[in-house]
Amino acid sequence: MSRVRLLRFGLLVEGPSDLLFLERLIIRQLEETLHARALKATEVLTPCETSPVYSTAEPKALLQAATELADRCDVLFVHRDHKEIPDAHGLLEALSALPKRAAAPVLLGPRVMTESWVLADRAALTRVQPAADLSAHPHPHPADVEQGSPAPGHPAHPKRVLANVLKKARRSDPGDYFARLADEVDLSVLGKLSSYQRWLADTDEALMRKKYL
C-alpha cells in the first residue's frame, strides 16, 4: 500500500482574528479538494505554519518572514484585504522566484475583507450564534457581501454589519466565534463569491505545481 502524502501549508494574515477564521477554512477547503481530486491520498498537516509578522508589515520584513515560511511549507497563503491586493503582487513575484522546493505562493484576498466571507452564509451565523439578528444583515444573497467598498463608518461595512448581527448575542470578540464559524460555513455558499472562486483557482494551480493534483 502506498504511503499517504503530507501537505503542510503556511499562512500570513493581516491580523490575529483573520487567522482564527482563515486557518480553519483553508484546512476544510484543502481537505475537500484533495479528497476529491488528489493524485494520491494526502493528509493536510495541522496546525498551519504561521509567522509573528503580519502581511501588513513593511516590505523588507514581510519578504523575510514569507521566505522563511516558504522554506517550511508546500503552499503559502498570503492574506490581504481586497484594496491591498495590488501591494501583494511584488511579494508573490519574489516568492515565485524562490527555488522549486519552496512553497507555491497563493494570494488570498477576500472582497472587501475577511468579514465579508464570514457574513456570506447567513444560516451558519445562526447555527453558531442562535441569537444572531439577521434583520441587521443587509445582504440577502451571498454574492451581495462583495458589493462595493464601504468606508469604515458606513452601515454596510462588513465589520459594522457583523457587530450589528451579533449585538443581541452579546458577542463582539472574534475569538468567540470566528473559528467555530469557519467550521460551520457552507463551502458551496462561499463558492458563489468571485473572490473565493479566484482563490480556489489559484490554490488549484499551486497544488498542481506541487503535483498534489
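These numbers come from the heavy atoms of this one structure, side chains and all, not from hydrogens, waters or symmetry mates.
- In this structure, R72 CZ and E49 CD are separated by 4.5 Å, a value rounded to the nearest 0.5 Å.
- Between F9 and E23, the shortest heavy-atom distance links the atoms CZ-O, 4.1 Å.
- Heavy atoms only, all atoms of each residue included: L76 and L11 are closest at CD1-N, 3.8 Å.
- Clustering ILVMFWY residues whenever any of their side-chain heavy atoms sit less than 4.5 angstrom apart, transitively, puts L45 in a cluster other than the one holding F77.
- Checked against a 6.0 Å centroid threshold, the rings of H137 and H139 count as neighbours.
- Contact detail for S55 and R80: the closest heavy-atom pair is O-NH1, 3.2 Å.
- Enclosure of atom CD in E205 is not indicated, since only 12 or fewer non-hydrogen atoms of other residues, nucleotides or ligands lie within 6.0 angstrom.
- E14 places a side-chain N or O within 3.5 Å of a backbone atom of D81 that can act as its donor or acceptor partner.
- Using a 4.5 Å cut-off between side-chain heavy atoms of Ile, Leu, Val, Met, Phe, Trp and Tyr, with links allowed through other members, V53 and V78 fall into different hydrophobic clusters.
- By the 4.5 Å heavy-atom criterion applied to side chains, Q29 and Y196 are counted as neighbours.
- D144 is listed as a side-chain neighbour of P140, based on a closest heavy-atom distance under 4.5 Å.
- L213 is listed as a side-chain neighbour of T33, based on a closest heavy-atom distance under 4.5 Å.
- Within the model, atoms NE2 of H141 and CD of Q147 stand 11.0 Å from one another, a figure rounded to the nearest 0.5 Å.
- With Y54 as reference, V13 is the one residue of D18, V13, L12, L19 to meet the side chain to side chain contact (heavy atoms under 4.5 Å, CB included) rule.
- In this structure, A102 and K210 approach most closely via the heavy-atom pair O-NZ, 2.5 Å.
- The pair D71-R101 meets the salt-bridge criterion, since a charged nitrogen lies less than 4.0 angstrom from a carboxylate oxygen.
- Checked by atom type and distance alone, the side chain of R180 pairs as donor or acceptor with a backbone atom of V128 at under 3.5 Å.
- Summarising the geometry, atom OG1 belonging to T114 is positioned 11.0 Å from atom CG belonging to L162; distances are rounded to the nearest 0.5 Å.
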Run the numbers on R127 and L181 for side chain to side chain contact (heavy atoms under 4.5 Å, CB included), then give the verdict.
-> CA-CA 8 Å; R127 287 196 299 272; L181 191 56; over 6 Å; no
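- Hydrophobic clustering, with ILVMFWY side chains joined whenever heavy atoms are under 4.5 angstrom apart, keeps L39 apart from V75.
- L25 contributes atom CG, which lies 13.0 Å from atom CD of E184 (distance to the nearest 0.5 angstrom).
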Would you sort out whether L134 and L125 count as a side chain to side chain contact (heavy atoms under 4.5 Å, CB included), showing the intermediate values?
-> CA-CA 9 Å; L134 294 185; L125 287 166; 4.3 Å; yes
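- Within the 4.5 Å cutoff, no side-chain heavy atoms of V185 are placed close to those of W117.
- Side-chain contact between P110 and H79 is present, with heavy atoms from C-beta onward closer than 4.5 Å.
- What you find for A120 and V189 is that their closest heavy atoms are O-CG1, 3.7 Å.
- R8 places no side-chain N or O within 3.5 Å of a backbone atom of D74 that could act as its donor or acceptor partner.
- Using a 4.5 Å cut-off between side-chain heavy atoms of Ile, Leu, Val, Met, Phe, Trp and Tyr, with links allowed through other members, W199 and L7 fall into the same hydrophobic cluster.
- Under the 3.5 Å distance criterion, the side-chain polar atoms of S116 are matched with a main-chain donor or acceptor of M113.
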Report the C-alpha distance between C48 and T50 in whole Å, list the side-chain angles of each, state the deciding distance to 0.1 Å, and finish with yes or no for side chain to side chain contact (heavy atoms under 4.5 Å, CB included).
-> CA-CA 6 Å; C48 71; T50 60; 3.5 Å; yes
Check the pair S51, E68 against side-chain hydrogen bond (donor to acceptor under 3.5 Å, both in side chains), reporting the backbone distance first and the verdict last.
-> CA-CA 9 Å; S51 171; E68 292 173 356; over 6 Å; no
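- Residues D204 and R37 meet the side-chain proximity criterion, which asks for heavy atoms closer than 4.5 Å.
- Taking CD1 from I26 and CG from L108, the interatomic distance works out to 5.0 Å, rounded to the nearest 0.5 Å.
- Under a 4.0 Å N-O distance rule, the pair E43/R5 does not qualify as a salt bridge.
- A donor-acceptor pair under 3.5 Å is absent between the side-chain atoms of Q129 and the main chain of A132, judged by distance alone.
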Candidate pair V4 and K40, rule side chain to side chain contact (heavy atoms under 4.5 Å, CB included), full reasoning | CA-CA 7 Å; V4 172; K40 64 177 295 185; over 6 Å; no
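- Within the 4.5 Å cutoff, side-chain heavy atoms of R28 are placed close to those of D183.
- Expressed to the nearest 0.5 Å, how far CD of E31 lies from OG1 of T46 amounts to 7.5 Å.
- By the 4.5 Å heavy-atom criterion applied to side chains, D121 and L190 are not counted as neighbours.
- Taking both residues in full, the closest heavy atoms of K192 and A143 are given as O-CB, 4.0 Å, listed atom of the first, atom of the second, then distance.
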